[in-house]
Amino acid sequence: MARVITGGHYDVDCYVEDPLGNTIYRETKKQYDSFTYRAEVKGVYQFCFSNEFSTFSHKTVYFDFQVGDEPPILPDMGNRVTALTQMESACVTIHEALKTVIDSQTHYRLREAQDRARAEDLNSRVSYWSIGETIALFVVSFSQVMLLKSFFTEKRPINRPVHS
């Protein structure tokens with residue numbers, strides 16, 4: 001799972017390559033996506049998030065991947081013939097509920113990161129606007145003082161001596 005949290009139009013390019021260099025996944029300008037793949041070749045898989053099409057906006061990307069299958073909660077659960085005891089059944093139920101909580105927490109963390117970035121951007125815009133208004137207020141105030149001062153100053157004619 002990958003999701004763009006902040007930046008631009010919330011989209012990036014992404015690709016995944018196997019150890020042999022074959023591209024097994026490629027998407028362009030995606031905000032979020034999920035990709036499932038069962039590895040057939042052992043080795044190092046590479047993935048890349050690209051922002052080449054948007055050079056002016058920086059982006060933050062969240063990604064999560066799982067390697068391997070989740071082990072069973074009870075060691076002998078895979079080849080069990082008898083029914084689960086009440087304690088084992090409660091453990092399985094709690095385990096499933098905890099997986100749901102983990103997914104919800106991940107979702108809320110992503111939303112919190114998006115909202116924090118949006119709030120910080122709004123805060124910087126408000127700060128710049130306030131600085132601009134303050135400068136405009138000082139310029140207008142200074143201009144008014146100079147204009148009022150010119151109304152109340154007396155302009156005297158300049159007397160020049162006459163040479164004969």
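Nothing fancy with the numbering, it's 1 onward along the sequence.
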> Going only through I, L, V, M, F, W and Y residues with side-chain contacts under 4.5 Å, is there a path from Phe47 to Tyr45?
Replying inline: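 In one cluster with Phe47: Tyr45, yes.
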> Transitively linked via ILVMFWY side-chain contacts under 4.5 Å: Leu137 with Ile131?
Replying inline: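 Looking at the clustering, Ile131 is in a separate group from Leu137.
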Donor-acceptor list for residues 14-23 side chains, cut-off 3.5 Å, not counting sequence neighbours:
{"residue": "Asp18", "atom": "OD1", "partner": "Leu20", "partner atom": "N", "Å": "3.1"}
{"residue": "Asp18", "atom": "OD1", "partner": "Gly21", "partner atom": "N", "Å": "3.1"}
{"residue": "Asp18", "atom": "OD1", "partner": "Asn22", "partner atom": "N", "Å": "2.8"}
{"residue": "Asp18", "atom": "OD2", "partner": "Asn22", "partner atom": "ND2", "Å": "3.4"}

>> Using the salt bridge (charged side-chain N to carboxylate O under 4.0 Å, His left out) criterion, which residues pair with Arg118? Sequence neighbours excluded.
In response: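 Counting only residues at least two positions away or on another chain, Arg118 forms a salt bridge (charged side-chain N to carboxylate O under 4.0 Å, His left out) with Asp115.
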>> Under the rule for salt bridge (charged side-chain N to carboxylate O under 4.0 Å, His left out), what residues qualify as partners of Glu96, not counting sequence neighbours?
In response: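 Here the qualifying residues are Lys99.
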Going from [atom1] on [X] to [atom2] on [Y], what distance comes out if it is rounded to the nearest 0.5 angstrom?
{"X": "Leu148", "Y": "Ser143", "atom1": "CG", "atom2": "OG", "result": "11.0 Å"}
{"X": "Arg26", "Y": "Cys48", "atom1": "CZ", "atom2": "SG", "result": "9.0 Å"}
{"X": "Leu110", "Y": "Gln105", "atom1": "CG", "atom2": "CD", "result": "12.0 Å"}
{"X": "Ser104", "Y": "Leu98", "atom1": "OG", "atom2": "CG", "result": "11.0 Å"}

>> I need the full list of salt bridge (charged side-chain N to carboxylate O under 4.0 Å, His left out) pairs touching residues 137-146, with sequence neighbours left out, sorted by first then second residue.
In response: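 Passing the test, one end in residues 137-146: no pairs.
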> Under the salt bridge (charged side-chain N to carboxylate O under 4.0 Å, His left out) rule, what pairs show up with a residue in residues 123-133, not counting sequence neighbours?
Replying inline: Asp121-Arg125
Partners meeting side chain to side chain donor-acceptor pair (under 3.5 Å) with [X] (sequence neighbours left out):
{"X": "Arg111", "result": "none"}
{"X": "Tyr25", "result": "Asp33"}
{"X": "His95", "result": "Glu70"}

> Checking side chain to side chain donor-acceptor pair (under 3.5 Å) against Glu112, which of Arg116, Gln114, Arg109 comes through?
Replying inline: Arg116
Quick one: side chain to side chain contact (heavy atoms under 4.5 Å, CB included) partners of [X], sequence neighbours excluded?
{"X": "Thr28", "value": "Asp13"}
{"X": "Phe152", "value": "none"}
{"X": "Gln86", "value": "none"}
{"X": "Leu147", "value": "Ser150, Phe151"}

> Ignoring hydrogens and geometry, is there a side-chain-to-backbone donor-acceptor pair from Glu88 to Thr85 under 3.5 Å?
Replying inline: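 Yes: the side chain of Glu88 pairs with the backbone of Thr85.
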